[in-house]
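Everything numeric in this text was worked out from a predicted model, so none of it was measured.
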Amino acid sequence: MPWSSAAGGTLLLAVGLVMLLAVRGPVEVVVLLAAVGLLLAGLVRIVGVHEPAPWRARWLDVALGVGMLVGAGVAALWHAAPLRALAWVLAAILVANGLASIARGLAARGSKARAPEAQGSRARDPEAWDPEARGPEARGPEARDPELRDPQARLGGARGERGTAVLSGLTSLVVGVLVLVWPRLSLAVFALVVGFWLALTGLSLVLAGPRRPRTTSRLVPSALALVLALALAAGTVALHRLDPRAEPDAFYTPPLAVPSEPGRLGRAEALPAARVPEGLRGWRILYTSTDGAGRPTVVSGTVLAPPLGTPPATGSSDVGPLPDAGRPSDPAPPGGSPPPQGPGSPSSTASPSDVGPPAGFETPRADEALAGEGPAPEGPSTSRGTVDVTDATAGRGLGPEGAAANGFPVVSVAHGTTGVVPRCAPSLATDPFGDGASAALARLVAEGWVGVTSDYVGLGTRGPHGYLVGPDAAHDVLDATRAAGELEGLALSDRTVVWGHSQGGHAALWTGIEAPSYAPELEVLGVAAFAPAADLVPLARGVRSTVGGKLVSAYIAASWAEYDDLDLDGLVTPGYVGVVRRIEGHCFDGANALGAFAIASQLTEEVFRPEVWDGEVVELLRANTPEGDVATPVLIAQGTADRLVLADQQRDFVARRCAAGQAIDFREYAGLDHVPLVEAGSPLTDELLAWTQDRLTGQPPTPSC
């Protein structure tokens, strides 16, 4: 039997290792390997009942062996059983195997602990254990194995076997519970878990082969396997935890006194130096806006300004590096805005005079102020700390006395996907300015520009957030620029360039479309969109089966169900509502993004029901695709290796807009994926800065069409 166990263990170990290497292999290969592994494990378990053991343990081994054979049959009949069913079968087998191993170890305790006494005269007769006293015929296995010659060594070996059985059982239990925690495993996770279990089982059998290893040698691998399983469990817990980002505080609740029309500043607060690029100054703001249908909203955002004494940029000099090398920021998350989005359609644009005060707003009071978190930096801000701004801050235009001819030009940043719930606002993040082309933004601001970023309604402030709803985002971006001009002491020009990455690229294009009618007083010099989620219908369909596409689809489903009063149960695959709600609670940055991806990886089917692609969702996607004309230079940048916004789809969108008469400067960057396109080392960074400065100096654009 030892040799058969060693042979079976070797095969199991080989199958497990191959399965680990085939994580990204075809479904059929992974499932076939799983079926072979379960078949071998079941046969080894049944054959093992001939080894001495309490009868309860032997019958349990038989039952487990049969269960594994059944599991192998389920795996072999893949086309008749979904991966989720196979995962549950595997979880049941792992848990049962763990309980059996623990029971076997505990059951052996009494019988093996009495081993010396149970041997009768052999245990009490020194000659029975002394080969020299018994003669040459005694030189058999007992003469070669100290554990068979020495009762104490034999007792220690028994204890080692019991410890190994218990540790192996605990490992199997932990891995089994992990599978239960992930009921809808992706193929990669399934292959990792099954391969790990098969390799562990095989290794245990090999180590327990014909030459019995010493107690320590048996315990160490089992203990190591348990440690690895517990580490995997700890990692799972960490992935599913929400990040420490704070929930919106009182700053995001509209004060009693806020100006009545859109684009008016309602509150401002200086940001701590640790949350602002080194050498620059920053604020978070609360301001008024309207959605695409003209309904009043309250939105939050951020403002980034150059050091005191910096003159406004004129475009006459090149943009240099950030002073003191700048504060390194965290890598931008797959800021992306994937597939489909946005209920609502290009709607009626209400002029500022037609829009009444948002619900709950009252006439501004000059004496209303909230306590801030420490002093504000010198410069713009109506006072120190958090303040409620009133009409006393002066004129309706940009700056304390309206638009200043020599004021700071503005780069209005439309941020990429950060989530769909209030806690996911960029202004709440540790690095509020880390989205998209953050390195380019810091360099540009240091040279005399002011950066303004809208959180979008529903992020920070009360929602719902219209994810990929074009007109809403455009109004939020334009009104953030208007409101920033009311920061006391910060004179802004009416000249602005709009940037946006991914979801923000979609918003940037819509901003260019909406600006002439919604904010005619602003002079939009140009629109730069990086990997924009532009052509929403093919974009949504093209990535809907990938993990990233499922994550974005979940954001769309959750957002639209609230925004446009759609039936979430009718939108998503049966049984997916709970998972979609869990993804909705995760923000799309840092460790929280990993948690969102981990949950999305459990979805073995697409988020949306198949029939959705022939109904209302498709119409909403079409309504929110930025097909309108942009009366200003347009730059679209795209990485050829982008796995979220596919390059071919972007080319088709650009070709269609060019055919419609839109001039576009379309640039492709070979080998760059979605996020690397806007990272500091990307060639886009310097090109974007030069393109932006050219807009300020009035240089003629160089469109591709």
Side-chain angles (χ1 to χ4, degrees), residues 245-246 248-249 251-252 265-287 299-310 312-313 319 322-330 332 370 372-387 389 398-399 407-415 418 424-456 459-461 476-477 479-492 496 499 504 589:
R245 181 190 297 232
D249 55 25
F251 179 89
Y252 297 88
L265 185 63
R267 181 174 290 166
E269 179 183 271
L271 289 170
R275 300 179 63 203
V276 180
E278 187 174 349
L280 305 183
R281 299 171 294 157
W283 298 264
R284 59 177 178 172
I285 60 174
L286 195 70
Y287 62 94
V299 190
S300 57
T302 54
V303 178
L304 187 66
L308 286 172
T310 303
V319 178
L322 186 65
D324 299 324
R327 177 175 60 83
S329 58
D330 296 332
L370 300 178
E373 298 177 2
E378 298 180 37
S381 183
T382 52
S383 73
R384 293 186 178 275
T386 304
V387 298
V389 183
L398 300 174
F408 290 100
V410 178
V411 55
S412 298
V413 180
H415 70 79
T418 60
C424 298
S427 62
L428 283 167
T430 303
D431 182 7
F433 306 100
D435 177 78
S438 57
L441 175 64
R443 289 172 58 186
L444 193 69
V445 170
E447 289 291 326
W449 290 68
V450 166
V452 179
T453 304
S454 171
D455 285 336
Y456 308 143
L459 301 180
T461 56
D476 292 344
V477 171
D479 284 327
T481 301
R482 287 167 159 173
E486 294 187 354
L487 280 169
E488 187 175 353
L490 186 66
L492 301 186
T496 181
W499 290 359
D589 67 338

Enquirer: Under the side chain to side chain donor-acceptor pair (under 3.5 Å) rule, collect the residues that match up with S412, sequence neighbours excluded.
Expert: T481, T496
Enquirer: P307 and T310: which non-hydrogen atoms are nearest, and at how many Å?
Expert: O-OG1, 2.9 Å
Enquirer: Treating T461 as the side-chain partner and S300 as the backbone partner, does any N or O pair qualify as donor plus acceptor under 3.5 Å?
Expert: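 Here the side-chain-to-backbone pair does not exist.
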Enquirer: By the definition side chain to side chain contact (heavy atoms under 4.5 Å, CB included), identify the one residue from L492, V450, V410, T453 that meets it with V303.
Expert: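 Per the side chain to side chain contact (heavy atoms under 4.5 Å, CB included) rule, the option paired with V303 is V450, out of L492, V450, V410, T453.
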Enquirer: Where is the tightest heavy-atom contact between G407 and P312, given as atom of each residue plus distance?
Expert: O-CB, 3.5 Å
Enquirer: Does the side chain to side chain contact (heavy atoms under 4.5 Å, CB included) test come out yes or no for Y252 and S427, once each step is laid out?
Expert: CA-CA 10 Å; Y252 297 88; S427 62; 2.7 Å; yes
Enquirer: For F408 versus G448, what's the shortest heavy-atom pair and its separation?
Expert: CD2-O, 3.2 Å
Enquirer: As an exercise, state the distance from CG of L459 to OG1 of T418, rounded to the nearest 0.5 Å.
Expert: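 L459 CG to T418 OG1: 5.0 Å, rounded to 0.5 Å.
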Enquirer: Knowing that exactly one of E488, E486, R482 qualifies, which makes a side chain to side chain contact (heavy atoms under 4.5 Å, CB included) with L265?
Expert: E486
Enquirer: List the atom of A442, the atom of L280, and the distance in Å for their closest heavy-atom pair.
Expert: O-CD1, 3.9 Å
Enquirer: Hey, mind stepping through L304 and W449 against side chain to side chain contact (heavy atoms under 4.5 Å, CB included) and telling me if it holds?
Expert: CA-CA 9 Å; L304 187 66; W449 290 68; over 6 Å; no
Enquirer: Looking at every heavy atom in both V445 and G451, which two are closest together, and how far apart are they?
Expert: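 So the two residues come closest at CG2-N, 3.7 Å.
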Enquirer: Of all residues at least two apart in sequence or in a different chain, which pass the side-chain contact (heavy atoms from CB on, under 4.5 Å) check with V299?
Expert: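 Applying side-chain contact (heavy atoms from CB on, under 4.5 Å) to V299 gives Y287, S289, T297, S454, V457, D476.
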Enquirer: Would you find a donor on one side and an acceptor on the other, under 3.5 Å apart, between the side chain of R275 and the backbone of A429?
Expert: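 Judged by distance alone, yes, a pair lies under 3.5 Å.
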Enquirer: How far apart are the closest heavy atoms of W283 and A305, and which atoms are they?
Expert: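 That closest heavy-atom pairing would be CZ3-CB, 3.6 Å.
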Enquirer: Is there a donor-acceptor pair closer than 3.5 Å between any side-chain N or O of H415 and the backbone N or O of D455?
Expert: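 Yes.
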Enquirer: Would you check if L271 and R284 make a side-chain contact, meaning some heavy-atom pair closer than 4.5 Å?
Expert: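 Side-chain contact under 4.5 Å: yes.
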